[in-house]
Number of protein chains: 2
Amino acid sequence: MKSDESKMDKRHLRTVRTREKLLVAARAVFLENDFQTTTISQIIKRAGVGYGTAYVHFEGKDELLIVLMEDVMDRFHQVAEQPFEPGTAEEAKKQIEQQATAFLQLAEQEREMLRVVEQAIGVSYVIRTKWKQIRERFIERISRDIHYAQAAGLARPDLNPTLVARGWFFANEMYLFEVVREETTATIEEIAETLTAVYTTGLYPHD
Amino acid sequence: MKSDESKMDKRHLRTVRTREKLLVAARAVFLENDFQTTTISQIIKRAGVGYGTAYVHFEGKDELLIVLMEDVMDRFHQVAEQPFEPGTAEEAKKQIEQQATAFLQLAEQEREMLRVVEQAIGVSYVIRTKWKQIRERFIERISRDIHYAQAAGLARPDLNPTLVARGWFFANEMYLFEVVREETTATIEEIAETLTAVYTTGLYPHD
DNA sequence: GATAATATTGACACAGTGTCAATTTGTTTG
DNA sequence: CAAACAAATTGACACTGTGTCAATATTATC
């Protein structure tokens with residue numbers, strides 16, 4: 001995470017240190033409060049640097065959070081990039097449920113940061129955009145998976161993969177934030193299982 | 001919408017007029033801009049009243065929007081309250097698709113106001129709470145419908161109705177806002193059809 | 001028409017933001 | 001090594017918007 005400081009000259013090193021101080025302070029303040037109520041002034045104070053300094057390193061609160069988000073986002077991308085090459089419908093279901101579970105588990109693990117991120121999505125345009133990128137990456141990936149399953153004769157071929165993928169991801173995303181807010185009564189496994197069941201085989205049995 | 005002014009004494013009437021002036025101005029300013037960039041000062045100026053007046057009638061920007069939301073919300077509740085008593089699975093699917101379509105059509109019709117509402121949900125706690133109420137009403141209703149269908153032997157009995165309802169509503173809600181933002185490529189009918197198809201019969205055909 | 005009740009008003013104190021000229025710290029060069 | 005230069009840091013300042021409240025204006029009551 002930290003860049004290699006050994007080769008830097010003293011000047012550059014000071015810059016990096018200041019940046020780091022700001023990020024550490026920002027993380028702490030964000031987690032202790034909301035995104036909205038957190039002020040740059042608080043972060044600056046905590047970091048022990050002069051007021052203007054924060055604006056030299058970051059454009060504002062938003063950019064500070066975006067940098068802090070990056071780790072979490074990497075983990076999401078990892079989940080999105082999991083391979084999907086089922087041989088049978090059963091296998092597909094299993095893999096889909098696994099991915100849904102992994103997704104929600106990530107929400108649980110990164111709850112604190114995601115709590116802040118969720119608030120920030122509402123308030124900040126830049127962060128909303130950032131989140132959309134993550135979402136689109138997931139959706140695109142899911143679309144490809146659906147396409148694959150259709151081509152393999154496993155999934156219904158008459159549905160638009162992108163439309164289906166969006167709907168499926170949306171349900172997952174909303175539950176993700178419910179988990180983050182600790183508003184769910186059910187366990188993650190139960191949620192993933194239920195969502196997957198409906199998604200793959202539907203609520204109404206076939207004739 | 002307007003209350004009956006005929007019986008009011010002059011004083012009360014003045015109050016109502018002022019309130020109305022503020023609401024009209026607020027609607028105009030909100031629709032011309034965002035929720036975030038709209039300032040109370042703008043609304044006050046537009047309404048042609050003194051600065052403090054707005055704070056006498058409303059707690060702030062949020063409450064102003066909440067009052068403006070009410071009409072739209074009524075229409076949503078109407079959609080939520082549509083009867084659901086299918087005799088067959090086919091009938092159920094049809095009714096579900098109809099409701100999904102109605103829901104998205106409402107998004108299209110009330111696009112402008114909902115655009116503002118969506119932004120406000122992000123920023124304002126009060127409005128987020130208000131929206132959650134609407135959502136819960138929908139989800140509760142859908143849960144009951146699922147329960148009904150399960151009891152009637154139409155729907156899979158092994159799934160938790162509330163969990164399923166949430167997932168289903170979430171997908172619809174996200175598409176609602178996509179429609180509001182005019183970010184969809186597909187038509188409303190196609191979206192409703194696809195969502196319903198996956199919801200009712202699943203992406204993977206049964207054995 | 002005097003008094004009481006209520007509604008309106010805008011000046012004010014406050015909180016937070018972002019900028020920029022001045023200052024401090026570090027690097028290079030003759 | 002001491003100018004001279006370059007880069008990083010700083011906090012005072014101007015600005016935007018909010019919410020409050022004592023003063024003022026309007027309407028009701030006796």
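Every heavy atom of this structure was used, including side-chain atoms; hydrogens, water molecules and symmetry mates were not. Protein chains get the first letters and strands the later ones, always in sequence-line order, with residue 1 at the start of each.
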Between B:R166 and B:E136, is there a side-chain N and carboxylate O pair less than 4.0 Å apart? yes
Nucleotide of C:dA7, D:dT9, C:dT27 approaching B:R11 most closely (side-chain heavy atoms): C:dA7
Can you tell me if A:S41 touches the phosphate of C:dT17, counting only side-chain N or O atoms and a distance under 4.0 Å to OP1 or OP2? yes
Rounded to whole angstroms, how far apart are CD1 on B:I40 and C1' on D:dT20? 13 Å
Determine: side-chain N/O of A:H57 to OP1/OP2 of D:dA8, distance under 4.0 Å, yes or no. no
Is it true that B:Y204 and A:Y199 have ring centroids separated by less than 6.0 Å? no
For the side chain of B:K10, counting heavy atoms from C-beta on, which of D:dA28, C:dG16, C:dA7 is nearest? D:dA28
N or O in side chain of A:H12 less than 4.0 angstrom from C:dT27 OP1/OP2: no
Rounding to an integer number of Å, can you tell me how far B:K45 NZ sits from C:dG10 P? 13 Å
Ignoring hydrogens and angles, answer whether the base of D:dA7 and the side-chain atoms of A:R14 contain a donor-acceptor pair closer than 3.5 Å. no
Interatomic distance, B:R17 CZ vs C:dT8 P [rounded to whole Å]: 12 Å
Could you go through B:F58 and B:I40, starting from their C-alpha distance and side-chain angles, then the distance that decides it, and tell me whether this counts as side-chain contact (heavy atoms from CB on, under 4.5 Å)? CA-CA 10 Å; B:F58 303 94; B:I40 296 251; over 6 Å; no
Below 4.0 angstrom from OP1 or OP2 of D:dG19, is there any side-chain N or O of B:Y55? yes
Can you check whether B:T39 has a side-chain N or O nearer than 4.0 Å to OP1 or OP2 of D:dG17? no
Whether B:R141 and B:D145 form a salt bridge (side-chain N of Lys/Arg under 4.0 Å from carboxylate O of Asp/Glu) is what I want to check. yes
Tell me if the aromatic rings of B:F177 and B:W131 count as close, with their centers under 6.0 Å from one another. yes
Between atom CG in A:N33 and atom P in C:dG16, what is the gap in whole Å? 11 Å
Separation of B:F58 atom CZ from C:dT8 atom P, in whole Å? 11 Å
Phosphate OP1/OP2 of D:dA8: any A:T53 side-chain N/O under 4.0 Å: no
Listed nucleotide nearest any side-chain atom of B:Y51, set D:dT18, C:dA7, D:dT10: D:dT18
Out of C:dT27, C:dT9, D:dA28, whichever nucleotide has its closest atom nearest the side chain of B:V56: C:dT9
For atom CG of B:D9 and atom C1' of D:dT26, their distance in whole Å: 12 Å
Round to a whole Å and report the spacing from CG of B:D62 to P of D:dT18. 11 Å
Atom CD1 of A:I44 to atom P of C:dG16: distance rounded to whole Å? 12 Å
